[in-house]
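Beneath this line is the structure, given in structure tokens, with notes to follow.
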Amino acid sequence: SEGVTVAELAEALDVSANDIIKRLFLLGTPLTMTQSMSNDLVELVADDMGRKVRIVTAEEENSFSFYDDPKDLKPRPPVVTVMGHVDHGKTSLLDAIRHTNVWSGEAGGITQHIGASEVMINGRKITFVDTPGHEAFTAMRARGAKITDVVVLVVAADDGVMPQTIEAINHSKAAGVPIIVAVNKCDKEEANPDKVRQMLTEYGIIPEEWGGQNMFVNVSAKKNIGIDELLETILLQADVLELKANPDTFASGNIIEAKLDRGRGPVATLLVTRGTLHVGDTIVAGQSYGSVRAMLDQHGEHKDEARPSDAVEILGLNSVPAAGDEFRVFEDARDARDLAEQRALKARIEEQNKVKHVTLETLFEEM
Ligand code: GTP
Ligand code: MG
């Protein structure tokens, strides 16, 4: 099936098919009642009529609805992504928050992946996502901004605003996520937290105390200064957002990172955004599928379920999904396998076509 027909769109929008045919004609794409339209064309015509439509794919239609009745929505913990320039102290800050020491375990002290951890503060949970600051990891920062409720922008007070600071601001703004600024390394003699505030105003990040929208906290991850205030600020920001999700439905969310583990097979860290994920559930994540064989928290402890805003590691997928892939529970294991296999096949075909498209002509064009 190739999309919606003119007649179907007319019915969906409750307008006459003739009206649509007329508009299509004016758009330079004459079609008849029974001919089908591409998704782009559907959106264009709807837009032309001052209507917004969202194309539901066959996959979506065949599965459960993503609609939640407002009465089913329950408060959920905030997901907070830590971003900033390389070496400004993101992982150290998370260590100080967790009172652990992940940092010393990293190769050369450089974060090369996205990590998630849950922290309890005064009986309230916050899910933190660490991102790398190295310039090579733009895609991870972009994904980090998309899956989060709040961004903590770490800026070293001795170094100030740097290229990946600006990049992080842009990703956060693009994702529409509020930014809290943690001005780090305030223990250093060269630290100039006010200069950081000044520099950030150029990028539209203006402290509340200066009449702006952003909360700033001076911290030192190394000396454990300002950490409680930062956590309070995060919870305050979260309260404003009134975060909610329906926990009583099939789980869905995003893959944060995934790898192939020698002993355990594909291992994926995922963030649940809706519903509750249980051990034994069948999921599809991008081109991967499988039933959740085991679920572990960040300390490697087994869990039976993961609720909205929980980040867990799961075992049981047939292959390694891509970071950023959406995942979703399926009631029917066969449907799950079919969908994942279809996607994998489609990806392979696209890959082959890409190779084919490099003809002599395009090669010369590139030269
Ligand atoms: P990437 O993940 O690679 O982008 O780095 P990062 O932002 O996670 O920085 P990381 O936590 O690895 O810290 C970088 C360096 O800064 C380390 O040598 C830390 O010890 C040091 N550092 C972090 N926070 C502070 C601080 O508050 N004060 C001082 N003096 N040094 C700090
Ligand atoms: Mg780091």
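Just follow the structure's listing: the first ligand is 1, and inside any ligand the first atom is 1. Computed from a predicted structure; not experimentally measured.
Remark: Leu200 CG to Ile166 CD1 distance equals 9.0 Å, nearest 0.5 Å. Remark: Asn184 CG to Lys222 NZ distance equals 10.5 Å, nearest 0.5 Å. One distance of note links CD of Glu229 with CE of Met215; it measures 10.5 Å at 0.5 Å rounding. Atom-to-atom distance recorded for Arg274:CZ and Leu73:CG is 9.0 Å, nearest 0.5 angstrom. The CG atom of Leu317 lies 10.0 Å from the CZ atom of Phe327; values are rounded to the nearest 0.5 Å.
Among Ala156, Ala96, Ser92, Gly84, the residue whose heavy atom sits closest to atom 13 (O) of ligand 1 is Ser92. Remark: among candidates Glu135, Lys185, Lys188, the nearest residue to atom 15 (C) of ligand 1 is Lys185, based on non-hydrogen atoms.
Below 4.0 Å from some heavy atom of Ser220 lie the following atoms of ligand 1, by number and element: 27 (O). Interface of Asp187 with ligand 1, defined as ligand atoms under 4.0 Å from a residue heavy atom, comprises 26 (C), 27 (O), 28 (N), 29 (C), 30 (N).
In Val86, the parts holding a heavy atom less than 4.0 Å from any atom of ligand 1 are both the side chain and the backbone. Only the side chain of Asn184 comes within 4.0 Å of ligand 1, judged by heavy-atom distances.
Between His171 and Thr138, the closest side-chain pair of non-hydrogen atoms falls below 4.5 Å.
Remark: ligand 1 and Ala221 share an N or O pair separated by less than 3.5 Å (distance only, no angle test). For a threshold of 3.5 Å applied to N or O pairs, the pair formed by Gly89 and ligand 1 contains at least one separation below that value. On a distance-only criterion, Gly133 and ligand 1 share at least one N/O pair closer than 3.5 Å. Where the criterion is an N or O separation shorter than 3.5 Å, residue side chain and backbone included, Thr91 meets it with respect to ligand 1.
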* To do: Could you check Asn218 against Arg197 for side-chain hydrogen bond (donor to acceptor under 3.5 Å, both in side chains), going step by step and ending with a plain yes or no?
  => CA-CA 10 Å; Asn218 290 348; Arg197 283 171 174 70; 3.1 Å; yes

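Residue contact annotation: Thr91 places an N/O/S atom under 2.8 Å from the Mg ion (ligand 2).
Here the shortest heavy-atom pairing between Ile256 and Ala116 reads CD1-CB, 4.0 Å.
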